[in-house]
Amino acid sequence: MLDKTFQPAAVEPRISQLWEDAGAFRAGTREGVDSFCVVIPPPNVTGNLHMGHALNNTLQDVMVRFERMRGKNVLWQPGTDHAGIATQMVVERQLEASGISRHDLGREQFVDRVWSWKEQSGGSILNQLRRLGASCDWSRERFTMDEGLSRAVLKVFVELYRKGLIYKDKRLVNWDPKLLTAISDLEVQPTEAKGHLWHLRYPVKGEEGRYIVVATTRPETMLGDTAVAVHPDDERYRDLIGNHVVLPLVGREIPIVADEHADPETGSGAVKITPAHDFNDFEVGKRHDLPMINVLDERARINENAPDAYRGLDRYEARRRIVADMQELGLLERIDEHMLTLPYGDRSGVVIEPWLTDQWYVDAATLAEPAIRAVEDGRSVFIPRNWEKTYFEWMRNIQPWCISRQLWWGHQIPAWYGPDGHIFVAETEEEAVADALAHYVLNETLTDEEARALAADPERRADFLRRDEDVLDTWFSSALWPFSTLGWPDRTPELDRYYPTSVLVTGFDIIFFWVARMMMMGLHFMDEVPFPKIYIHGIVRDEHGQKMSKSKGNVVDPLDLISEFGADALRFTMASLATPGQDVKPSKARIEGYRNFATKLWNASRFIEMNECRVPPRFDPSTAELVVSRWILSESETTAREIAEGIEQFRFNDAAATAYRFVWNVFCDWYVELAKPALQGPDGAEKEETRAVAAFVLTRILKLLHPFMPFVTEELWQHLGHEGVLATASWPVPADLEDPEACAEIGWVIEAISAIRSVRSEMNVPAGARLPLVLVQASAETRERAERYGTELKQLARLDSVAAGDQAPSGSVQMVVGGTTLALPIAEVIDLSAEQSRLEKEIGKLGAEIEKIRAKLGNENFTARAPEHVVAEQRERMASAEETRGRLQSALERLCGAA
RNA sequence: GGGCGGUUAGCUCAGCUGGUAGAGCGCCACGUUUACACCGUGGAUGUCGGGAGUUCGAUCCUCUCACCGCCCA
């Protein structure tokens, strides 16, 4: 016998183990069927489960469990990425605690340390995903630094390099002066801050006393200025274009150039150009062929390219000095308060510097072309569709992708440099050595003999040929995820079977960083899109719509919610709120509500169990005879269809709501109640059928709910003695059970009971009082229905008799259900004036409705132009409203006559 | 500045192709019923942000204004 409440904390670990033991999530166990494959957006190996993961993985799991139950060969590929900076920082912090830096250890030992950290405590997020119920094929877990995936990375790098799609270049990058590496745009957090706008005077050369005023938020960068730009149409400066200014403090003569980058509206209209320290200025510099003078070192201190006075100063100290010095020279015109956006490194928390360095780049523009076409012609579709705009926008303006990082943890770039700086790119060192030696023998730098000696002596060779120290951006390897996890570059059966994957599920925040790059790489190396569908969900906010952040203190830990309410409740909440294109704002009250829903299901099952309901072997639901059986079977069929459609169309909220309504408001509220008389009555055919149908429908419910609430449904499945595991049971097969007649009949019963209850409550009839019911001038059909459901009506509407009559007994309360007047004689308790006003109110409401419809039907434009079925519908509504009103009116007259 | 999304019941949100405004929570009243008080029954609550237009008909389509949010520059 089941407990009174479902205890998720006790059940969940056991059920997880059960699935594991059953190998329920293994891919490839079914032959000759369609495959369904999803690759998980690999979480960061240092990460912890947050609400975004909970949403993302719930939705994937709903689809994956659904398709698995539908009999497909399902692979949900799990794994993590190696998160270059984050992981390196975790281990560095550990080292710091014992007072050593990674440099003390050396690269090799440091990387070993990272690996052992990874083995011990990395990837705990995958266990957290298990707690959520994610049905990944855990036996196939991958890591972007795995041997296989690393091989894929090498091959991709080498191939792209050979095609000229990877190259080395000197450009501005986002440089983190604390972590001493380039970082990606994703890792830069633009943050609004109060700052200043310094207006500086630059003296015009050869025009004594004439200045050009430039406004800047970063005065210290003036040391690297190589031009002043003004708008070509700006009259104020037209005569100065082509002249020079003398850069104060430095003394360099720099040109005044005309460029549209200068905005005549802001500040003075003239802008200083520092190509080596600003992304916009860099572009201006290229357009005008300006020198690029880097005045900062890797830690953002002023370097040797600046005048002695400032060398070695930190950027902020330099700023103070420069402002002071300019003021002293009378060259500081004024200082304005100014709001500006500063780029903070999200890991280091310091302001990022645009810094000129040598880095490796991917020619993203070239790779983007096929990726753009694939979405244009619909080989990959965004759901919701609008996201393709964001995708196109970014893809069409794509910048070279900087892929090198000055870190130790990651895929080391497979490039070697000869003594003259010549680059050799190869998948292995051996190959690179062979290439290099051949190269230098050919150009006669080396003799054959020297080359052979080098080849034989690794130590001398290391001096001769030096490997690039940098590693690749983590996203470079995640971009390969949809095929590298399947075994590429080997031609594996998995690759044939699962590529392209079926759908990618992710948040819009990483369309650029991940989706776009997977598209580029997938198309280039597999010649096919990595996924035909890209489902983009919203982000999770708190219940007031605020973005969750540590500083706001509104972060909710999904694991806490799982502990408190159960994974099923959290999942159901996520699915219910996953409206296409909208953000998700879960509240505790909502989650609690779905915890209650799980308990409701639990108790309904408890009831079914208590009444010894079981599905007989070879039970055929189409043979059910009782109307109530046919009705609930019909409803279950409709529900199954709607849930399937909802999931297929990514309308998770609709699917969840349909399931919720069916289970609670149809099955529990009505079917169980209507079935009680039969279940609690004498043994016989009726009871037997009811038991079978109740159990059958409950079984269906468990299946329908399983994708959303896997734990409670599996627990019940096991408890109720079903075979195997629910996770691999088959989705309800449509069995032509929809039955409009049964639905109409039970609909009438439900309506009648509801109407009686409502009137009782309104008339303050004591809950315990049993009343007689009279059906006034009822049709044969209605009388039959009342007869058939006499027991149920009596029980649920608290009646002591149900009879037919020609007239409502005097002193009765009357209502109209489906065209029949129902009368409750309650003369002794009736409050005549209350009943009179109740009837008048009803009649008034109907009158208003009738008038509205009459006006509509009286409009010739409407009857002529509206579709016929709409007009017919209005006519019907009007007829039925008029009939009901008539009946209520005569009830009112009778009542007044009696009074 | 460009793009996207939002504004519907006290709160959080649904409302698919225009044709009777819905859910959950909250609130009020009542608790006959051994599946369930994490429950049951009944009830109240909306000029669907403002304005204009298209249409026989607009929460839904078009334009416009206001406010809020996100992304990009």
Side-chain angles (χ1 to χ4, degrees), chain A residues 1-6 185 190 263 265 279-280 341 384 386-387 389-390 392-394 397 508-509 511-512 538-539 541-547 565-566 569 573 576-577 579-611 645-646 649 651 653-654 656-657 660-661 664-665 668-669 672-673 676 679-680 753-770 795-798 849 852-853 855-867 869-871 873-874 876-878 881:
Chain A
M1 171 78 155
L2 292 164
D3 289 340
K4 247 182 154 178
T5 53
F6 169 55
D185 300 351
D263 177 5
E265 305 294 315
F279 287 101
N280 288 315
T341 308
N386 335 1
W387 289 111
K389 279 199 176 179
T390 305
F392 286 140
E393 176 64 20
W394 193 71
N397 297 297
F508 59 76
D509 41 343
I511 290 177
F512 306 147
I539 62 169
R541 299 167 177 280
D542 75 7
E543 59 187 300
H544 305 294
Q546 297 285 310
K547 209 167 173 174
F565 300 110
T573 305
S576 304
L577 296 177
T579 313
Q582 292 315 125
D583 287 343
V584 169
K585 286 161 238 175
S587 67
K588 264 203 175 185
R590 190 109 188 191
I591 303 172
E592 194 181 0
Y594 292 127
R595 186 270 319 263
N596 297 350
F597 177 55
T599 306
K600 187 74 180 177
L601 169 69
W602 184 263
N603 276 294
S605 306
R606 194 162 169 265
F607 173 82
I608 300 289
E609 185 188 33
M610 285 168 70
N611 284 281
E645 285 168 2
Q649 293 164 22
R651 304 191 62 90
N653 60 320
D654 286 347
Y660 184 95
R661 264 198 299 274
W664 199 315
N665 304 118
C668 292
D669 287 351
V672 166
E673 296 305 327
K676 273 178 186 174
L679 291 173
Q680 289 160 2
I753 292 168
S754 300
I756 296 166
R757 282 171 170 175
S758 178
V759 164
R760 289 178 60 118
S761 169
E762 259 180 273
M763 291 290 103
N764 291 314
V765 177
R770 285 186 172 270
Q795 186 161 327
L796 298 180
R798 286 313 272 177
E849 200 189 336
K852 228 169 99 182
I853 305 172
K856 213 178 232 192
L857 288 170
N859 182 344
E860 270 180 47
N861 271 322
F862 174 71
T863 45
R865 298 190 196 200
H869 74 273
V870 172
V871 177
E873 199 185 307
Q874 296 297 321
E876 246 168 70
R877 273 183 59 203
M878 174 132 127

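Letters A, B, ... mirror the listed sequences (proteins, then strands); counts begin at 1. What you see is a predicted model, and the numbers here were worked out from it, not measured in a lab.
Here, A9(B) and C71(B) have their P atoms 27 Å apart, quoted to the whole Å. Taking atom P on both C61(B) and G6(B), the two are 9 Å apart, rounded to the nearest angstrom. A14(B) and G51(B) have their P atoms separated by 24 Å, given to the nearest Å. Going from the P atom of G15(B) to that of G69(B) covers 23 Å, rounded to whole Å. When the C1' atom is compared between U32(B) and C25(B), the two are found 27 Å apart, to the nearest whole Å. On the C1' atoms, G31(B) is 48 Å away from C70(B), given to the nearest whole Å. With P as the reference atom, A35(B) and U17(B) are 44 Å apart, rounded to whole Å. Taking atom C1' in both U47(B) and A21(B), one finds a spacing of 13 Å when rounded to whole Å.
The aromatic rings of Trp602(A) and Phe6(A) sit tilted relative to each other, their planes meeting at an angle between 30° and 60°.
Nearest-nucleotide positions on RNA chain B place Asn653(A) closer to the 5' end than the other of Asn653(A) and Lys856(A). Of the residues near RNA chain B, Gln874(A) and Asp654(A), the one whose nearest nucleotide (by heavy atom distance) lies more toward the 5' end is Asp654(A).
Between the P atom of A73(B) and the CH2 atom of Trp394(A) lies a distance of 10 Å, rounded to the nearest Å. In this structure, CH2 of Trp387(A) is placed 13 Å from P of C70(B), rounded to the nearest angstrom. Atom CG of Leu577(A) is separated from atom C1' of G24(B) by 10 Å (rounded to the nearest Å). What separates NZ of Lys389(A) from P of C4(B) is a distance of 4 Å, to the nearest Å. Separating the CD atom of Gln582(A) from the P atom of C68(B) is a distance of 19 Å, rounded to the nearest angstrom. A straight line from CZ of Phe862(A) to P of G18(B) spans 15 Å, rounded to a whole angstrom. For the pair Glu873(A) CD and G18(B) P, the computed distance is 15 Å after rounding to whole Å. In this structure, Asn386(A) places its CG atom 8 Å from P of C4(B), rounding to the nearest Å.
Pairing for G10(B) is with C25(B), a Watson-Crick or G-U wobble pair whose two hydrogen-bonding atom distances lie under 3.5 Å. A 3.5 Å limit on both hydrogen-bonding distances identifies C68(B) as the Watson-Crick or G-U partner of G5(B). Pair check for U34(B) finds none; no Watson-Crick or G-U wobble contact set falls under 3.5 Å. The partner of C48(B) cannot be assigned: no Watson-Crick or G-U wobble pair with both contacts below 3.5 Å exists in any strand.
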Determine, step by step, whether Thr573(A) and Phe565(A) satisfy the side-chain contact (heavy atoms from CB on, under 4.5 Å) criterion, reporting the C-alpha distance in whole Å, the side-chain angles of both residues, the deciding distance to 0.1 Å, and the verdict.
CA-CA 11 Å; Thr573(A) 305; Phe565(A) 300 110; over 6 Å; no
Apply the test side-chain contact (heavy atoms from CB on, under 4.5 Å) to residues Phe597(A) and Leu601(A): give CA-CA distance (whole Å), side-chain angles for both, the deciding distance (0.1 Å), then the verdict.
CA-CA 6 Å; Phe597(A) 177 55; Leu601(A) 169 69; 5.6 Å; no
Might you work through the salt bridge (Lys or Arg N to Asp or Glu O under 4.0 Å) test for Lys676(A) and Glu673(A), ending with a clear yes or no?
CA-CA 5 Å; Lys676(A) 273 178 186 174; Glu673(A) 296 305 327; 3.2 Å; yes
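Looking at Arg798(A), its side chain never comes within 3.5 Å of a backbone N or O of Pro766(A) through a donor-acceptor pair. One N or O on the side chain of Arg760(A) and one on the backbone of Ala797(A) form a donor-acceptor pair closer than 3.5 Å.
Within the nucleic acid shown, Thr390(A) has no heavy atom closer than 4.0 Å to any nucleic acid atom.
Within a 6.0 Å radius of CD in Glu876(A), other residues, nucleotides and ligands contribute 12 heavy atoms or fewer. Applying the 6.0 Å contact sphere to CD of Glu860(A) captures no more than 12 heavy atoms from other residues, nucleotides or ligands.
Using a 4.0 Å cut-off between a side-chain N of Lys or Arg and a carboxylate O of Asp or Glu, Glu592(A) and Arg595(A) qualify as a salt bridge.
Distances shown here put a side-chain N or O of Ser758(A) below 4.0 Å from the OP1 or OP2 atom of G43(B). Within the 4.0 Å cut-off from OP1 or OP2 of U55(B), not a single side-chain nitrogen or oxygen of Asn861(A) is found.
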When you compare the protein's N or O atoms with those of nucleotides 32-38 of chain B, which come within less than 3.5 Å of each other, and at what distance?
residue: U32(B); atom: O2'; partner: Arg798(A); partner atom: NH2; Å: 2.6
residue: U32(B); atom: O2; partner: Arg798(A); partner atom: NE; Å: 2.8
residue: U32(B); atom: O2; partner: Arg798(A); partner atom: NH1; Å: 3.2
residue: A35(B); atom: OP1; partner: Lys676(A); partner atom: NZ; Å: 3.4
residue: A35(B); atom: O3'; partner: Arg606(A); partner atom: NH1; Å: 3.2
residue: A35(B); atom: O2'; partner: Asn603(A); partner atom: OD1; Å: 3.0
residue: A35(B); atom: O2'; partner: Arg606(A); partner atom: NH1; Å: 2.7
residue: A35(B); atom: N7; partner: Lys676(A); partner atom: NZ; Å: 3.4
residue: A35(B); atom: N6; partner: Cys668(A); partner atom: O; Å: 3.2
residue: A35(B); atom: N6; partner: Glu673(A); partner atom: OE2; Å: 3.3
residue: A35(B); atom: N3; partner: Asn603(A); partner atom: O; Å: 3.1
residue: A35(B); atom: N3; partner: Ala604(A); partner atom: N; Å: 3.3
residue: C36(B); atom: O4'; partner: Asn603(A); partner atom: OD1; Å: 3.1
residue: C36(B); atom: O2'; partner: Asn603(A); partner atom: ND2; Å: 3.4
residue: C36(B); atom: O2; partner: Lys600(A); partner atom: NZ; Å: 2.8
residue: C36(B); atom: N3; partner: Lys600(A); partner atom: NZ; Å: 3.0
residue: C38(B); atom: O4'; partner: Asn596(A); partner atom: OD1; Å: 3.1
residue: C38(B); atom: O2; partner: Arg595(A); partner atom: NE; Å: 2.7
residue: C38(B); atom: O2; partner: Asn596(A); partner atom: OD1; Å: 3.2
residue: C38(B); atom: O2; partner: Thr599(A); partner atom: OG1; Å: 2.7

